[in-house]
Amino acid sequence: MSKLDKDLERARTEYRPECGERWVEGVVYSNPACLSDVASSRKPNPDFIYTLIPYDLKEGNLRVSAPVPSDDRYWSIHAHNRNTDAFYKITNTEIDGDRFEFLVTRDRNLKTELPVAYASSNKGIILFRLTMKNFSEYAALDEFRRSTNRKYVENL
Amino acid sequence: MMQNQDLLKNTMVPIFAGILLSFIVFYQFTHTTPLAQMMLGDVHRNQWISHFDQSMEGQNPWLRNYIAFTGLVGSIRPEIIYLEAMYDDNQTPLLGNQDYILRGTAPNCRYWSFVVYDFNNRRIEPYEETIASFHRIKLNENEQYEIIITDDLKKYPDQQAISHAGNDFNIVMRIYGPKESYYKNKHSVPVGSILPLNYYAAELDN
């Protein structure tokens, strides 16, 4: 994970025109063309557009909202602990509607209407996979995914 | 003189042997090697190996370490199956000076793809030419794919081909949203055959 931390920090602090705006308010929009020199993503799938949200639950519970594709293309969310255990996953076939909101927390007594992903470490990462049927779709899908947002919330 | 020999035998040799052994063991968890495949793969189908549940809680630390070097966040059931091959059907490494034909039955799943990477687990450029995806690959009348792996796509203008760009390579098959029975019977996951094109041509001649 330390490799990933370094790469995320680079995405946050280094602007590269060919990669576009990669870090927007805590969400990392990776560009497939800019993954070849990224140590933490050595074997990416060229068909996938990866979006990442690193988090630290010391700042509060994390509320995530993301657009869900309405067609049959593969889309998924996986939430990973700091030790890379996946503790939550969902795909677009399990979701009705064009947006999905969920909460990442360590508090098992928390009461909320939202789907909850229970983490077992404060730090971790949420990974979105969105499939391109053709590489020419990138611009449209990149715009589509950029309505993803995340917010730390103390009380619900 | 005797003292020097004893020093060499009792001190330097064990130190160098320890360094060498450490390197050999460490290397297996940082690269796709035959030993790593033998030690880490829990499903072997012909030349393909798979690690089901790479990122499940309780997975062994060796596999975690391997994943950390070859990717980062791995697969879990029932969502993702990765299969990896570094040999052809004749158990010969996949070489950059050969063209190959990859054939098989498409898996029952939401998405599958084959992607070629070099032996250091790096992406090969241009990456758009290294992937065969179910979105773009046409199956034949028997619902099978037939994909050529070559250093130059122009050699096969009318066929479905992907590029290894002259690199020795390994190939990863990704299966997303697989049929659940693949987990019950691990050996039911359909895998492809990989043969050098010249081998295939010789077979046809015979």
Side-chain angles (χ1 to χ4, degrees), chain A residues 1-5 7-8 31-48 50 52 54 71-94 119-121 124-138, chain B residues 30-32 53-59 61 63-80 82 84 109-118 120-137 162-163 170-178:
Chain A
M1 275 285 191
S2 59
K3 280 191 297 186
L4 182 61
D5 292 341
D7 289 333
L8 293 174
N31 179 331
C34 295
L35 283 179
S36 59
D37 61 345
V38 177
S40 58
S41 179
R42 299 188 77 168
K43 295 173 98 168
N45 185 359
D47 262 359
F48 282 178
Y50 297 99
L52 298 96
D71 58 12
D72 63 345
R73 77 183 64 242
Y74 180 85
W75 173 94
S76 69
I77 298 174
H78 285 77
H80 293 264
N81 276 333
R82 181 78 187 163
N83 68 356
T84 74
D85 277 352
F87 59 89
Y88 184 77
K89 76 99 189 155
I90 194 162
T91 72
N92 50 335
T93 54
E94 302 166 72
S120 56
S121 63
I125 192 152
I126 297 163
L127 176 66
F128 298 78
R129 293 177 171 95
L130 173 62
T131 316
M132 288 183 280
K133 294 184 178 182
N134 289 293
F135 293 113
S136 61
E137 290 186 323
Y138 177 71
Chain B
T30 59
H31 290 74
T32 304
D53 306 324
Q54 290 171 335
S55 284
M56 291 289 264
E57 194 177 347
Q59 188 54 269
L63 184 55
R64 280 181 189 287
N65 197 38
Y66 177 75
I67 294 162
F69 277 96
T70 58
L72 186 65
V73 281
S75 60
I76 56 167
R77 75 175 65 195
E79 196 50 37
I80 311 170
Y82 296 126
E84 187 173 20
C109 62
R110 287 194 62 202
Y111 170 91
W112 58 262
S113 70
F114 290 100
V115 184
V116 168
Y117 301 94
D118 74 14
N120 290 315
N121 295 311
R122 286 182 308 223
R123 196 166 77 170
I124 294 171
E125 302 294 341
Y127 65 90
E128 295 94 335
E129 295 179 358
T130 62
I131 179 168
S133 153
F134 102 112
H135 284 304
R136 299 181 290 279
I137 291 292
I162 57 177
S163 171
N170 57 61
I171 184 162
V172 172
M173 182 184 194
R174 289 178 166 85
I175 302 175
Y176 283 79

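In what follows, every chain begins at residue 1, and chains take the letters A, B, ... in the order their sequences are listed. Just so you know, these numbers come straight off a predicted model, no measurement behind them.
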Practice task
Please name the pair of heavy atoms, one in A:Tyr74 and one in B:Gly177, separated by the smallest distance, quoted to 0.1 Å.
Solution key: CE1-N, 4.5 Å

Completion exercise
Here the gap from B:Asn170 atom CG to A:Lys43 atom NZ, rounded to the nearest 0.5 Å, amounts to 4.5 Å

Problem - Approximate separation, where rounding is to 0.5 Å, of B:Tyr111 OH and A:Asn45 CG - result: 4.0 Å

Problem - Which atom of B:Arg123 lies closest to which atom of A:Pro44, heavy atoms considered - result: CD-CG, 4.1 Å

Exercise for the section: Side-chain contact test, heavy atoms from C-beta onward, threshold under 4.5 Å: evaluate it for A:Phe135 versus B:Arg136 and give yes or no. Expected result: yes

Fill in the blank from the handout: On a heavy-atom basis, the closest approach of A:Asp72 and B:Arg110 is O-NH2, 3.4 Å

Exercise for the section: For A:Asn134, check side-chain hydrogen bond (donor to acceptor under 3.5 Å, both in side chains) against everything at least two apart and list the hits. Expected result: none

Practice task
Decide yes or no for A:His78 and B:Ile80: does some side-chain heavy atom of the first lie under 4.5 Å from some side-chain heavy atom of the second?
Solution key: yes

Practice task
Apply side-chain hydrogen bond (donor to acceptor under 3.5 Å, both in side chains) to A:Glu137 and list each qualifying residue two or more places apart in sequence or on a separate chain.
Solution key: A:Arg73

Handout entry: Check: A:Phe48 ring centroid to B:Tyr176 ring centroid under 6.0 Å
Key = yes

Exercise for the section: Measure B:Ser113 against the heavy atoms of chain A and call it side chain, backbone, both or neither at under 4.5 Å. Expected result: side chain

Handout entry: Student check: side-chain heavy atoms of B:Glu128 and A:Pro46 closer than 4.5 Å
Key = no

